[in-house]
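Just so it is clear: chains get the letters A, B, ... in the order the sequence lines come, proteins before strands, and each one is counted from 1. We use all heavy atoms of the structure for the numbers below, so side chains are in, but hydrogens, waters and symmetry mates are not.
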Amino acid sequence: MPTDLRRLLPLRPVDFLLLLALVEHEQHGYGLARDIAEATDGLVRLEPGNLYRVIKRLVDDGLIAPSTRRPIAELDDERRRYYRLTAAGARVAALEAERLRGVLASRSARALRPLLEPT
Amino acid sequence: MSTRHRSRASERAYAALIHLFPREFRRDFGNDMLEYFRDRWHDEYTRAGWRGAAVLWIRALLDVTTTAVHEHIIAARRMPRRLPSTQGDQMLQALAYDLRFSGRMLRRNPVITTVAVIIIALGTGAVSTIFSIANAIVLRPLPGVQRASDLVVVERMKPSGGTMTASYPYYRHVSTNARTVNLAAWSAIPLTVSTGGAAVAPLGNIVSGNYFDVLGVRPVLGRFFAGDEIRVPDTYPVVVIGYDFWQRQFAGDSAAVGRTILVNGSRFTIVGVAPPHFSGLYPVLRTDVWAPLMMLSQLRARGRLNTPGSAWLDVVGRVAPGHSRSEVQAEMAALTRQFSTSASGEPSDWKTFTGARLSDASGLPPDATGSVMGFFAVLLVISGLVLLIASVNVASMLLARAVVRRREIAVRLALGAARGRLIRQLLTESVTLFILGGAVGTLVAVWGTRLLERIHLPVDLPLAIDLTPDIRALAFTLVVALLTGIVFGLAPALQASRLDFSAALRGDGAGSGRSRSRLRNALVVGQVALSLVLLSASGLFVRALDRGRRVDPGFDATNVATTALDVGIAGYDETRGRAFYRALVDRVAALPGVTVAGYARVLPLSMTHSGTAISIDGVAPAGGRPGSPFAVAIDDVDEGFFDVTRIPIVRGRGILRSDNANAPRIAVVNQTFANRYWPAGDAVGRRFHLDTGTVTIVGVVRDTKFARLDGAPEPLMFFPIAQDWRANTNLLVRTTGDPTVVFAAIRREMRALDLNLPVPVITTLQQSTSVMLLPQRVAVAVTGVLGIIGLLLAAVGLYGVLSFSAAQRSGEIGIRLALGALRRDVLRLVVGEGMRLVGIGMALGLVLALLATRALRPLLFGISPLDPATFAIIGATLAGVALLASYLPARRAAAADPASSLRRG
């Protein structure tokens, strides 16, 4: 199984961001777009078409799934569909995080660091 | 509240867009996408208002088009396993490829792309600004009304033409007998409403019981009129309030239903709230309160429902299922004929209205619809000219770029690309460009409508023109952009693909086609011609406005304050009303800075009219026998009126305070009236018949413009206002200086007399007469801005073409200079080429303008559509700008270093 999931790596940045946004709690489409925009300081803004294209891809790959549970009633808006991370999705996100850590730890990545430090 | 409506319009448009996605995707995510869009729209709108919403829309358009194409490709890739690939899939793939390639090309030339987008945005923005306004005023179906296309407006009509409104007995007759249509009646009625705080003066409608049913309107709260409320007169004081009014006065509190409010001095209970945006049959006026017909006498002093001699109702009907308009028409005509022959008590000339006219419920009075549409058609054509100029401009840019890209195109052709495929690619590029321009153009339109909204309308009515662009306006802009993109992309694409590619591959610039430069030249000629048409239209409007302003109306409108008053709506009867008006004019006349004050029921040049039928013994009106009645325009004025307006009395006397209800009936006539019926000059002392009595003419006043600014004066007569009591009138106050100074004092005097009257809207006579020039003012504003845009675009186009051709000919110019030509000669060469094109364009434009400006004649106040002064000035301006536009590239060409240009050439 793990080898099978590894085939999905490296994840596209936006796929990874979306999986990360679902780690702590379930979320609906617009909420995801907002969380991602916030997490990237507005760098990544997902318009509806693009967002659901990504969602569709992740659902097709079995990394996320529409949620059957609902949040607390008064926070909820019954029209909305929520998504959750599947076990496979959580695993892939973890693998990707691990992979990125490896990238960051590489010699070349470390060599770049001084470029951004204030001189 | 209106935000909600706008977001709903946006949602509907977005829901339509989602259809671009493959069915499967739509089924899985369509609703969610819409939810997302709705939330996002709301956030953006709250954050940045209209700008935020517009930016969101542009992003959404780009997002949906690109992702939908991708999803189609994915879907198409999956298909083959089940189905053989269809032609449709291939086309989609090709389209996706073309789109991606176009995006790359457009990004690669950011300057050209940006300039082209701006130019297209100006053109589409101009068109969609005008369309948005026309849409808001005449084209949009009645808001809040169901299936407005099934509604008909019914008017009583004379066989010779001319229509009249309906009396209640007439309405009763046709509505109870009609089988093919369900008829309702309504009338606008000014109201004074007090909900506990200060009184407000909203516009109301008094309506028949089935009014809401016929229009298909449902209450958002409470109910509409029912049961005895619509049958028993004067017993059930109930009203329905408008949604906006509910929000404004009651903050949307549902407890408003059941509350009692004071309407025209009587207590009424609110029974329901109308849905948002419903504003009756004339949505450009904000209607706030609806009351049942049965309560007429409480709302209008002396209002008697069954009076046969009072025609004050508008009739609207919904065609019954299974019946056609022609059946309704036939039935209405038959019922009207029946009524005209049988009804008693009607004024005799009404009996000649034996037919019926059906028209659409367009949102404006039927007679106004045509001229308003005509006016907008003129403006739309003018803005279309700007779009045309802009498109031509972009087409010549594309053409120039095609020349630059001829190597690339030649390579592709040589490698075996089909010409059709190439054309499609180039077309996709130009269409993408135009759609982008169209999207920015909608922003321009939002800004443009804002700008036009600022034109002050000198009318004392609660205007509520909803200019927010709806789907219709957005779709219109999109279609316009798409079509112009195809039309103006086609010529450059065809040109580019028809290429002598062996020459092009060799890099031989000189051989790149005479036909291409011919096309480019033709485009410049077209631009110059179109801007001449555009500028001459705006020039003519400027002249007409100027002429209109200079027309001597025959009275002195400067330094006069005026206000419309109606004490009937506060429940005054005749005795109280007369006393009030008497006291008010005396108090106001005594104010410091006021020289004289008076009353007139109809203000001159105010677009309102009043008339009556009279007969003169021995005088035959046109087409009638001696002594038969004819119609004449009238006004009711008091003794102060002629002094306030400084209309001189040329014979006899004016109106005196002693000409009151107890005195013999008298009239003062104008010169035209006197001369027409008593050419010998002895009108004073003559008598005529009015109703059942006789009236003596006591004086003649100088002619004035009254109903219209142009044309010869019409016969007009003035009656003493005191001899015909009505609750409404206009106060006119002549001041020694700026009339606005006394506004506050006039309000103070009114409040001193009665605190319960609504605060009047006071204006100046100059402002109120300026309504006559409103079409010209709007036309000058619109064509002026558009004319300048058109001129600039044409100049940019000319500049671009000349720079380009000078650059192309740099080799030749270099040779000339090397062989000893002077810089002056080069200047003359390039400028001469430009001016030759401009000359041809202007000649062509002159012919077009002479043909086109004829359509403007009704708006020109007698200025000839061929006015030589206008054409001379416009021609000189255009030639001057063109000279500048060709001088700049010429100077650059002449300044070139011949050696280097020869090396490059």
Side-chain angles (χ1 to χ4, degrees), chain A residues 8 12-15 17-18 21-22 25-71 74-86 89, chain B residues 7 10-11 13-48 52-78 96 99 103 439:
Chain A
L8 294 170
R12 297 173 203 230
V14 29
D15 293 13
L17 285 170
L18 202 142
L22 286 175
H25 52 82
E26 303 178 357
Q27 187 57 283
H28 55 78
Y30 184 45
L32 280 171
R34 258 191 333 224
D35 290 351
I36 291 174
E38 214 171 290
T40 59
D41 287 335
L43 224 54
V44 178
R45 285 182 188 280
L46 290 172
E47 305 299 329
N50 208 4
L51 172 74
Y52 281 100
R53 204 158 65 88
V54 175
I55 288 181
K56 178 170 185 281
R57 191 164 63 218
L58 295 176
V59 169
D60 287 350
D61 288 341
L63 302 185
I64 64 172
S67 163
T68 43
R69 278 180 306 156
R70 318 282 326 190
E74 58 260 36
L75 289 177
D76 187 26
D77 183 342
E78 43 156 69
R79 300 169 309 191
R80 294 197 176 108
R81 186 153 40 154
Y82 282 73
Y83 292 90
R84 64 180 171 83
L85 211 54
T86 61
Chain B
S7 88
S10 257
E11 274 166 40
Y14 194 76
L17 263 186
I18 291 179
H19 280 271
L20 291 176
F21 283 93
R23 190 175 312 136
E24 205 180 332
F25 190 91
R26 217 158 63 213
R27 196 192 54 213
D28 288 349
F29 299 106
N31 285 336
D32 290 0
M33 284 178 67
L34 195 57
E35 281 309 322
Y36 176 160
F37 183 79
R38 182 180 302 151
D39 293 345
R40 177 84 180 277
W41 196 96
H42 187 80
D43 287 359
E44 292 292 337
Y45 189 87
T46 325
R47 192 176 54 80
V55 170
L56 169 63
W57 255 107
I58 291 180
R59 286 219 187 103
L61 276 175
L62 288 173
D63 168 57
V64 168
T65 41
T66 51
T67 50
V69 168
H70 273 113
E71 281 305 312
H72 273 287
I73 295 168
I74 291 172
R77 260 190 222 141
R78 273 187 208 154
L99 272 177

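The most heavy-atom pairs under 4.5 Å with chain A, out of Asp63(B), Val64(B), Thr67(B), come from Asp63(B). Heavy-atom pairs under 4.5 Å with chain A peak, among Asp28(B), Asp43(B), Asn31(B), Leu34(B), at Asp43(B).
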Residue pair Glu71(B), Lys56(A): steps toward the salt bridge (charged side-chain N to carboxylate O under 4.0 Å, His left out) verdict: CA-CA 10 Å; Glu71(B) 281 305 312; Lys56(A) 178 170 185 281; 3.6 Å; yes

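One N or O on the side chain of Arg26(B) and one on the backbone of Phe21(B) form a donor-acceptor pair closer than 3.5 Å.
Of the atoms belonging to Leu32(A), not a single heavy atom falls under 4.5 Å from chain B.
Separation of atoms CG (Leu18(A)) and CD1 (Ile36(A)) is listed at 4.0 Å; rounding is to 0.5 Å.
Taking the six-membered ring where the residue is Trp, the centroids of Trp57(B) and Phe37(B) are separated by under 6.0 Å.
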